[in-house]
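The structure under discussion appears below in the form of structure tokens.
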Protein chains: 2
Amino acid sequence: MPRKPRKGDVAADEAVYGAIRRAMHMGRLAPGTKLQEPALARVLGVSRERVRKALHRLVHEGWLTAVPNRGTFVPTLTVEEMRQIYDVRSMLEAAIVRRLSEGHGAAAAKRLKAHVAEEKAATRRDDRGRLFELSGEFHVLLAELCGNDELTRLLRGLLTRSTMHFSLAAPRQLTNCAGPHDHGDIADAILGGKPDKAAKLMLGHLAGLVTLQAARPPQHEPVDLPEAFRGIKARRNE
Amino acid sequence: MPRKPRKGDVAADEAVYGAIRRAMHMGRLAPGTKLQEPALARVLGVSRERVRKALHRLVHEGWLTAVPNRGTFVPTLTVEEMRQIYDVRSMLEAAIVRRLSEGHGAAAAKRLKAHVAEEKAATRRDDRGRLFELSGEFHVLLAELCGNDELTRLLRGLLTRSTMHFSLAAPRQLTNCAGPHDHGDIADAILGGKPDKAAKLMLGHLAGLVTLQAARPPQHEPVDLPEAFRGIKARRNE
DNA sequence: CTCCAACAGGATGTGCACATTTCTTGACGT
DNA sequence: ACGTCAAGAAATGTGCACATCCTGTTGGAG
């Protein structure tokens with residue numbers, strides 16, 4: 001007799017999906033780690049099918065790699081693949097900052113200034129965790145300010161994939177982006193209406209990131225799943 | 001007693017996935033059409049779970065839209081969404097042709113010339129079907145010539161989503177791109193090493209396409225599923 | 001002592017049965 | 001006649017039970 005599902009379970013997949021995604025973002029899961037379904041189901045306290053569906057989704061979105069009859073693994077990005085991702089980011093983000101420099105609304109300017117201010121505040125507080133989040137969101141914010149949802153979604157996927165590997169390599173030692181003042185300079189160029197300067201700064205910024213990551217090969221240490229998901233579990237909010 | 005699965009079934013999902021994808025590309029499925037699982041399973045001759053998995057994948061990739069407890073539907077792209085897709089394409093493809101114009105190998109030049117020649121041949125033969133394919137592949141080819149797999153995959157997704165709606169609106173009346181000589185001009189600019197000219201031509205080309213599509217609102221006629229999948233089915237090859 | 005093969009344990013993949021929700025049809029009341 | 005509501009039917013969502021495959025281990029042979 002199948003157990004009867006509750007009506008609130010519609011958001012459960014999202015919770016499981018978010019939990020795994022969060023664990024990866026926190027750098028708990030090293031590249032090459034095998035995510036086996038029964039163990040995850042036990043740790044997260046949900047059924048195996050729920051975990052299964054979440055894993056499939058993560059695979060389709062490029063977060064994980066699936067090998068038939070073998071399981072799903074945390075992908076080991078090569079230096080070349082990472083370079084390619086940053087290459088695409090360069091194309092898109094150069095165009096983004098160029099466009100924003102050529103014209104943007106007052107609301108956009110306000111949001112941009114607010115974000116830079118928050119980053120500086122986090123830097124002063126030496127709040128690495130918050131700064132890590134903000135650094136990533138800065139690039140998403142620029143896409144959002146273009147008012148193109150498709151662009152935002154695409155860039156978010158690219159960014160998460162690149163920063164994921166970043167956080168895996170050096171969870172809490174480095175910040176997400178090379179220097180927070182980079183973002184401030186880029187914002188200034190945008191607000192000052194200097195397309196070429198903004199684009200040049202952005203390209204330099206991204207180039208700095210890719211060299212920073214290339215110099216830091218990922219470590220191959222085995223991971224204990226229950227330990228990795230300590231304190232994360234599957235929570236409803238987000 | 002569960003029926004025992006055969007070892008060749010690992011590629012069956014791909015076949016189902018491809019069948020639905022092909023039906024959409026052929027313009028058989030009008031926007032707003034509901035794809036119900038039992039009917040698809042009967043038509044394609046596979047189990048419902050197989051269809052289910054394929055639909056989920058298509059939803060994750062943005063081809064279909066899922067409403068909880070309601071089903072999955074062929075998305076109705078608004079003019080605004082289409083404009084946004086072409087906007088992102090403009091950013092990427094302008095950067096692509098600019099880069100190719102600034103330098104490319106002999107093999108790249110050869111492939112580019114061959115493609116343009118094939119397009120001209122198809123035009124002379126008045127082979128609309130082949131020209132439709134070639135027109136789309138031209139843009140993918142440019143991405144491939146950059147040697148960036150990530151870029152190619154991204155652009156392919158963008159292109160299929162935009163041309164899908166195109167083929168739905170006018171399956172066999174128009175060609176994929178405005179004029180085949182547009183592609184020839186762009187190729188000439190790339191081969192001649194003129195970045196600005198190539199980028200300008202590409203932007204104009206894409207702008208022409210978006211206006212062409214915007215002037216053609218999709219029709220809302222109900223679709224019969226068995227009729228839509230006539231001759232498509234789920235085949236292994238591809 | 002090393003290597004290979006058979007075996008056991010476990011993980012993944014898939015069909016199936018049922019609960020829940022939604023849509024449709026029909027009847028009733030205003 | 002029209003709107004409303006209820007009951008039946010169909011579709012979706014989910015847990016479960018195997019079947020298949022992979023992997024690590026153990027035993028024996030060279």
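Below, each value reflects all heavy atoms present in this structure, side chains not excepted, and no hydrogens, waters or symmetry copies.
- Computed from coordinates, the B/Lys34 NZ to D/dA11 C1' distance equals 6 Å when rounded to whole Å.
- Salt-bridge annotation for B/Glu49 and B/Arg52: absent, with no side-chain N of the basic residue lying under 4.0 Å from a carboxylate O of the acidic one.
- Interatomic distance, B/Leu158 CG to B/Leu92 CG, rounded to the nearest 0.5 Å: 7.0 Å.
- When the nucleotides D/dA11, C/dG13, D/dG15 are ranked by their closest atom to the side chain of B/Pro38, D/dA11 comes out on top.
- Contact annotation for B/Arg48: base contact, defined as any heavy-atom pair under 4.0 Å involving a base atom.
- The A/Glu37 side chain lies nearest to C/dG13 when the options are C/dG13, C/dT14, D/dT12.
- Distance CG (B/Leu35) to P (D/dA10): 20 Å, rounded to an integer number of Å.
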Applying side-chain hydrogen bond (donor to acceptor under 3.5 Å, both in side chains), run through B/Glu61 and A/His60 and close with a yes or a no.
CA-CA 7 Å; B/Glu61 291 178 1; A/His60 290 330; 5.0 Å; no
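- If you find the closest nucleotide of DNA chain C to A/Ala39 and to B/Ser47, the one lying nearer the 5' end belongs to A/Ala39.
- Remark: P of C/dG10 and CG of A/Leu40 are 18 Å apart, rounded to the nearest angstrom.
- Cation-pi geometry between A/Arg57 and A/Tyr17 is met: the NZ or CZ atom falls under 6.0 Å from the ring centre, inside 45° of the normal.
- Here the nucleotide nearest the side chain of B/Arg52, chosen from D/dT14, C/dT21, D/dC22, is D/dT14.
- Of the side-chain N and O atoms in A/Arg70, none sit less than 4.0 angstrom from OP1 or OP2 of D/dC21.
- For B/Arg156, the CZ atom sits in a loose shell: 12 or fewer heavy atoms of surrounding residues, nucleotides or ligands are nearer than 6.0 Å.
- When the P atom of C/dT12 is taken as reference, atom CG of A/Leu55 falls 8 Å away, rounded to whole Å.
- Separating the CG atom of A/Asn69 from the C1' atom of D/dT23 is a distance of 13 Å, rounded to the nearest angstrom.
- Within the 4.0 Å cut-off from OP1 or OP2 of D/dG13, not a single side-chain nitrogen or oxygen of A/Lys53 is found.
- Rounded to whole Å, the distance from CG on B/Leu225 to P on D/dA11 is 11 Å.
- As a whole-Å value, the separation of B/Gln36 CD from D/dA9 P is 18 Å.
- Atoms CG (B/Asp13) and P (C/dG13) sit 10 Å apart, rounded to a whole Å.
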